[in-house]
Asker: 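Handing you a structure now.
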Amino acid sequence: MHKLFLLPLCLWAAGCSYQGNIDKPHTQKATWFSYVGGEDIRQRCQPGMTEYRFVYNAVYDEQIRTYEVTGVPGDTAELISRAQEGSGVRVNHISLSDPLAQFGWKKSQRSLSREELAELEQMLQQSGAGELQTEGDRLRSDDFYWTSALCHDGNFVFNGWKLKDKSFDHLAFVPYLLNQDQTGVAVNPIRDMGTALQARMGQSKAEKHKHFELRVGNNGLTNNALF
């Protein structure tokens with residue numbers, strides 16, 4: 001019986017460490033913050049390794065998408081695309097009566113040629129994703145943002161970008177990833193969430209706890225919080 005309470009306590013402490021299997025509902029609920037921050041990639045990052053993880057939060061209650069690229073520098077790679085719609089998996093609430101509620105990834109997988117991987121890496125360079133540039137940003141679950149956790153030949157870099165000027169045009173890699181996506185799930189349209197965010201200021205504490213904020217620190221996430 002005591003084990004039932006370990007997972008919520010872990011979540012309240014900003015999440016357990018991600019070790020794989022994001023497709024499993026309990027894993028996503030318990031380790032979402034760690035998964036987004038790429039903590040597992042950071043730990044195993046070493047020379048001769050290419051591993052990239054991108055997360056697109058298109059209003060967490062509506063849609064989230066992830067893209068994982070694994071390979072060897074200068075060689076081919078594998079791309080796994082995932083999309084999840086609906087109200088997502090609550091990272092701040094565990095339903096013991098229905099632990100699989102509101103869960104479900106649509107997933108696709110394909111190989112990237114050397115040329116395709118080189119094209120993605122060129123777009124990452126154009127976006128500045130290989131440099132630390134977003135420390136201090138706050139990423140709200142009830143808004144739009146992208147994150148990238150990149151390991152290239154032993155170097156790890158994390159960034160998170162809030163919606164800027166109603167688009168992500170400053171991120172050259174975004175259209176590339178969306179074009180490679182074969183999940184069949186249409187992308188949630190970007191829109192101004194200002195009115196919705198303002199309306200939530202008057203919500204009850206229980207309603208507010210459906211949302212959370214990720215804060216970008218020095219090359220990773222820090223001080224994740226409910227609001």
Side-chain angles (χ1 to χ4, degrees), residues 22 32-33 35-38 41 50-71 73 76-86 88 105-152 155-194 196-197 213-216 219-221:
I22 195 61
W32 182 246
F33 299 149
Y35 176 82
V36 174
I41 297 177
T50 292
E51 186 169 358
Y52 306 145
R53 178 178 298 149
F54 307 88
V55 175
Y56 181 34
N57 187 94
V59 183
Y60 187 86
D61 279 355
E62 299 175 9
Q63 185 180 102
I64 48 179
R65 312 179 82 96
T66 77
Y67 301 91
E68 297 185 327
V69 177
T70 56
T76 60
E78 293 296 316
L79 167 65
I80 297 178
S81 305
R82 293 180 177 87
Q84 185 176 121
E85 292 189 293
W105 289 105
K106 299 292 185 181
K107 184 169 71 172
S108 67
Q109 185 170 354
R110 59 152 301 186
S111 297
L112 298 178
S113 66
R114 294 180 181 179
E115 293 75 19
E116 288 173 321
L117 182 58
E119 182 181 3
L120 171 59
E121 292 175 339
Q122 182 179 9
M123 293 178 178
L124 291 174
Q125 184 175 10
Q126 292 175 5
S127 303
E131 304 172 2
L132 299 177
Q133 56 175 266
T134 60
E135 183 177 359
D137 279 359
R138 297 187 174 191
L139 312 175
R140 295 177 59 108
S141 64
D142 53 355
D143 209 341
F144 295 82
Y145 64 77
W146 277 88
T147 65
S148 69
L150 311 178
C151 171
H152 180 74
N155 297 312
F156 177 86
V157 178
F158 177 86
N159 280 295
W161 296 271
K162 298 184 294 185
L163 185 62
K164 181 179 181 181
D165 299 327
K166 300 183 181 180
S167 74
F168 288 105
D169 290 345
H170 57 302
L171 302 180
F173 63 84
V174 167
Y176 177 92
L177 291 175
L178 295 180
N179 287 336
Q180 298 294 334
D181 189 319
Q182 299 176 351
T183 61
V185 179
V187 179
N188 194 26
I190 293 175
R191 62 193 187 281
D192 186 357
M193 296 298 292
L197 298 180
E213 180 181 87
L214 305 181
R215 301 176 186 177
V216 182
N219 205 20
L221 291 175

Asker: Residues in salt bridge (charged side-chain N to carboxylate O under 4.0 Å, His left out) with Arg65, at least two apart?
Answerer: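 Testing Arg65 for salt bridge (charged side-chain N to carboxylate O under 4.0 Å, His left out), a comparison that skips the adjacent residues, returns Asp181.
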Asker: Please enumerate all residues that pass side-chain contact (heavy atoms from CB on, under 4.5 Å) together with Ile190, with sequence neighbours excluded.
Answerer: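 Here the qualifying residues are Tyr56, Phe144, Leu163, Phe168.
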Asker: Scan for ring pair (Phe, Tyr, Trp, His ring centres under 6.0 Å) pairs involving residues 173-193, sequence neighbours excluded, and state none if there are none.
Answerer: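 Pairs touching residues 173-193 that pass the test: Phe54-Phe173, Trp146-Phe173, Trp161-Phe173.
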Asker: With rounding to the nearest 0.5 Å, note down the distance linking OG1 in Thr147 to NZ in Lys162.
Answerer: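 The OG1 atom of Thr147 sits 14.5 Å away from the NZ atom of Lys162.
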Asker: Does any N or O in the side chain of Asn159 come within less than 3.5 Å of the main-chain N or O of Ser148, such that one atom is a donor and the other an acceptor?
Answerer: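 It does not hold such a pair.
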Asker: Can you name the nearest heavy-atom pair linking Tyr67 to Leu177, along with the distance?
Answerer: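 Of all heavy-atom pairs spanning Tyr67 and Leu177, the closest is CE2-O, 3.8 Å.
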Asker: Does the pair Glu68/Arg82 count as a salt bridge with the N-to-O cut at 4.0 Å?
Answerer: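 Here Glu68 pairs with Arg82 in a salt bridge, since their nearest N and O are under 4.0 Å apart.
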Asker: OG/Ser111 to CG/Leu117 distance, rounded to the nearest 0.5 angstrom?
Answerer: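 Separation between the atoms: 11.5 Å.
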Asker: With heavy-atom distances below 4.5 Å as the criterion, would you say the side chains of Val157 and Asn219 are in contact?
Answerer: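 SC-SC contact between Val157 and Asn219 confirmed.
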Asker: Please enumerate all residues that pass side chain to side chain donor-acceptor pair (under 3.5 Å) together with Glu115, with sequence neighbours excluded.
Answerer: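 With sequence neighbours excluded, Glu115 shows a side chain to side chain donor-acceptor pair (under 3.5 Å) to Ser113, given in chain and number order.
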Asker: So, do Thr66 and Arg53 sit near enough that their side-chain heavy atoms are less than 4.5 Å apart?
Answerer: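 Not in contact.
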Asker: Please give me the minimum heavy-atom distance between Thr134 and Gly160, naming the atom from each residue.
Answerer: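 Residues Thr134 and Gly160, closest heavy atoms: OG1-N, 3.0 Å.
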Asker: Is there a donor-acceptor pair closer than 3.5 Å between any side-chain N or O of Gln63 and the backbone N or O of Asn188?
Answerer: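 It does hold such a pair.
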Asker: Please name the pair of heavy atoms, one in Thr183 and one in Ala83, separated by the smallest distance, quoted to 0.1 Å.
Answerer: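 Of all heavy-atom pairs spanning Thr183 and Ala83, the closest is OG1-CB, 3.9 Å.
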Asker: What distance do Leu150 atom CG and Glu131 atom CD have between them, rounded to the nearest 0.5 Å?
Answerer: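 Going from CG on Leu150 over to CD on Glu131, the span is 11.5 Å.
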Asker: For Tyr145 and Arg140, which heavy atoms make the closest approach, and how far apart are they?
Answerer: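 Nearest heavy atoms, Tyr145 then Arg140: CE2-O, 3.3 Å.
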Asker: Can you name the nearest heavy-atom pair linking Gly128 to Gln133, along with the distance?
Answerer: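 So the two residues come closest at O-NE2, 2.5 Å.
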Asker: So do Leu139 and Val216 actually touch side chain to side chain, heavy atoms under 4.5 Å?
Answerer: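 When only atoms from C-beta onward are counted, Leu139 and Val216 do touch, with a gap below 4.5 Å.
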Asker: Only distances under 3.5 Å count here; give the side-chain donor-acceptor pairs of residues 119-127 to other protein atoms, sequence neighbours excluded, each with its distance to 0.1 Å.
Answerer:
| from | atom 1 | to | atom 2 | distance (Å) |
| --- | --- | --- | --- | --- |
| Glu121 | OE2 | Tyr52 | OH | 2.7 |
| Ser127 | OG | Met123 | O | 2.9 |
| Ser127 | OG | Ala172 | N | 2.7 |

Asker: Could you tell me which non-hydrogen atom of Arg110 sits nearest to which non-hydrogen atom of Glu78, and how far apart they are?
Answerer: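 What the structure gives for the nearest pair is O-OE1, 3.5 Å.
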Asker: The criterion is salt bridge (charged side-chain N to carboxylate O under 4.0 Å, His left out); which residues satisfy it with Lys164, sequence neighbours excluded?
Answerer: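 For Lys164 there are no salt bridge (charged side-chain N to carboxylate O under 4.0 Å, His left out) partners, ignoring immediate neighbours.
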Asker: What's the separation between atom CD in Glu62 and atom CG in Asn57, rounded to the nearest 0.5 Å?
Answerer: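 Answer for the CD-CG pair, Glu62 versus Asn57, is 9.5 Å.
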